K.L.:
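Quick one: the structure is below, questions incoming.
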Amino acid sequence: MSGITSFISLLLAFTVKGTAFIQKTFFSASLLQIENISHPVTGQMAEQLRNKKIISLSIMLIIIVFLLFYFLYENHKLKQKIKRKDTKQKILLNIINSGIDSQEVERKKIASFLHDNINSLLSSAGLHLNTYTAQHDIQSEEIQKAGKILSEAHELLRDMSHDLVPALLVRFGLIFALEDLCEKNSNSAIQFEFSSSIPTSVRYVEKFEMKVYFIVSELFSNITKHSGATQAKLSVQEKNNQLILRIEDNGIGFKTQKLKDPEGFGLNRIRARIKKYKGTLSITSKENEGTKIKIQIPLPH
């Protein structure tokens, strides 16, 4: 874009110089007309030479004007192309965010349904079964197995509902839930360390907390699956009315060029979530030197 602007400026300067040259030519022509009175033959030759110069210069100016309009037209086309590209990106981000919002709403509905209905029914069935066997002093192995199956189903559904919408997030807030997330993802292969300058009692808007939680959860999943790291760290702080999250690991890292792949590391969904809240995501990584991720999101009012 700057190259085209420089070329246009050069053309304009050249046009101004050409205009000055025409003025100089006409001034010379006036002098030649005076000389024509005393030297007719020489005057005719000078007149022809002057006409040739004017014609040549006129052609040059026409060419310059044509080139000027051509580059202005190309510049306009380039701007329109960039505008269309930006529009497509915005539409794509809106589609991704709409899908994410729908998924989160459905997750909450399913989690609520599992917890409030299915789990309650299983608990009630297990209670009735235990009461019946106790009252009638039944020591049947089949009934005991049925009781264990009901108990396992109850636990599985409870874990599933917590994965869909963590109970700690709903009850105690984002900071508490992120600390718990670090503990849950830590195992014999990798340890997640948590630090925060924000008290665990601090609460934000529920939708905001859910989005931030699932962003971190998805990044943790990537670290666990792809990084080969043995240590990772999440730090959280508030600064200038922004929530700042830093995630670091000592894994194998990767070439940042891979981030240009829209499917690479599943970051397009994360970027869409962050952009929706007008936040920023920066990634620093080198092969065999780990990865550092910084997320800044304006706090909701």
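All of these numbers come straight from a predicted model, not from anything done at the bench.
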K.L.:
S285 side chain to G290 main-chain N or O, any donor-acceptor pair under 3.5 Å?
P.N.:
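Yes; at least one donor-acceptor contact below 3.5 Å.
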K.L.:
Under 4.5 Å between side-chain heavy atoms, counting indirect links through other Ile/Leu/Val/Met/Phe/Trp/Tyr residues: same cluster for L67 and I59 or not?
P.N.:
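Cluster IDs for L67 and I59 match.
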K.L.:
Between Y213 and L299, is there a shared hydrophobic cluster once you connect ILVMFWY residues whose side-chain heavy atoms come closer than 4.5 Å?
P.N.:
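Yes.
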K.L.:
About how many Å separate CD1 of I283 and NZ of K294, when rounded to the nearest 0.5 Å?
P.N.:
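Going from NZ on K294 over to CD1 on I283, the span is 13.5 Å.
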K.L.:
Under the side-chain contact (heavy atoms from CB on, under 4.5 Å) rule, what do V202 and E238 come out as? Steps first, then yes or no, please.
P.N.:
CA-CA 11 Å; V202 172; E238 278 186 25; 4.3 Å; yes
K.L.:
State, with a plain yes or no, whether a side-chain heavy atom of I198 is found less than 4.5 Å away from one of L243.
P.N.:
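Result yes, sub-4.5 Å side-chain heavy-atom pair found.
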K.L.:
Enter the distance from R271:CZ to T280:OG1 here, rounded to the nearest 0.5 Å.
P.N.:
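So the gap between those two atoms works out to 10.5 Å.
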K.L.:
Nearest 0.5 Å, please: how far is CG in L234 from CD in E179?
P.N.:
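Rounded to the nearest 0.5 Å, the CD-CG separation comes to 10.0 Å.
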K.L.:
Evaluate D249 against F220 for side-chain contact (heavy atoms from CB on, under 4.5 Å), listing each step before the verdict.
P.N.:
CA-CA 10 Å; D249 68 66; F220 276 15; over 6 Å; no
K.L.:
Applying side chain to side chain contact (heavy atoms under 4.5 Å, CB included), name anything that partners N240, two or more places apart in sequence or on another chain.
P.N.:
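Residues passing side chain to side chain contact (heavy atoms under 4.5 Å, CB included) with N240: none at all.
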K.L.:
Distance check, rounded to the nearest 0.5 Å: I190 atom CD1 versus Q231 atom CD?
P.N.:
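If we round to the nearest 0.5 Å, I190:CD1 and Q231:CD are 9.0 Å apart.
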K.L.:
Between I247 and I223, is there a side-chain heavy-atom distance shorter than 4.5 Å?
P.N.:
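I223 vs I247: side chains touch.
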K.L.:
How many angstroms lie between atom CZ of R246 and atom NZ of K233, to the nearest 0.5 angstrom?
P.N.:
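Going from the CZ atom of R246 to the NZ atom of K233 covers 10.0 Å.
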K.L.:
Looking at every heavy atom in both N187 and A189, which two are closest together, and how far apart are they?
P.N.:
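That closest heavy-atom pairing would be OD1-N, 2.8 Å.
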K.L.:
Mind checking what makes ring-ring contact (aromatic ring centres under 6.0 Å, His included) contact with F208, not counting sequence neighbours?
P.N.:
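Residues passing ring-ring contact (aromatic ring centres under 6.0 Å, His included) with F208: Y204, Y277.
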K.L.:
Just wondering, do Q296 and K239 contact through their side chains at under 4.5 Å, heavy atoms?
P.N.:
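No, too far: nothing below the 4.5 Å cut-off.
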K.L.:
Go through the steps to decide whether I295 and L219 satisfy the test side-chain contact (heavy atoms from CB on, under 4.5 Å), and finish with yes or no.
P.N.:
CA-CA 11 Å; I295 299 169; L219 288 171; 3.7 Å; yes
K.L.:
Which heavy-atom pair separates R203 from L169 by the least distance, and what is that distance?
P.N.:
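That would be NH2-O, 3.4 Å.
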K.L.:
Could you note down all residue pairs passing side-chain hydrogen bond (donor to acceptor under 3.5 Å, both in side chains) where residues 190-202 supplies at least one of them, sequence neighbours left out?
P.N.:
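Found none.
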K.L.:
Heavy atoms, side chains only, cut-off 4.5 Å: are I215 and L281 in contact?
P.N.:
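Of all side-chain heavy-atom pairs linking L281 with I215, none is under 4.5 Å.
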K.L.:
Mind checking whether I62 and Y70 sit in one hydrophobic cluster, side chains of I, L, V, M, F, W, Y counted as touching below 4.5 Å?
P.N.:
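Cluster IDs for I62 and Y70 differ.
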K.L.:
Any side-chain to backbone donor/acceptor pair from N250 onto T230? Under 3.5 Å, distance only.
P.N.:
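A pair under 3.5 Å: yes.
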K.L.:
Go through it in stages, so that I can follow the logic: the residues are L178 and F194, the test is side-chain contact (heavy atoms from CB on, under 4.5 Å), and I'd like the CA-CA distance, side-chain angles, deciding distance and then a yes or no.
P.N.:
CA-CA 8 Å; L178 289 177; F194 178 78; 3.8 Å; yes
K.L.:
Taking atom OG1 of T284 and atom CD of E248, what is their separation to the nearest 0.5 Å?
P.N.:
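With rounding to 0.5 Å, OG1 (T284) is 9.5 Å from CD (E248).
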K.L.:
When you measure from the side chain of S186 to the backbone N and O of C182, does any donor-acceptor pair fall under 3.5 Å?
P.N.:
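Checking the backbone N and O of C182 against the side chain of S186, a donor-acceptor pair under 3.5 Å is found.
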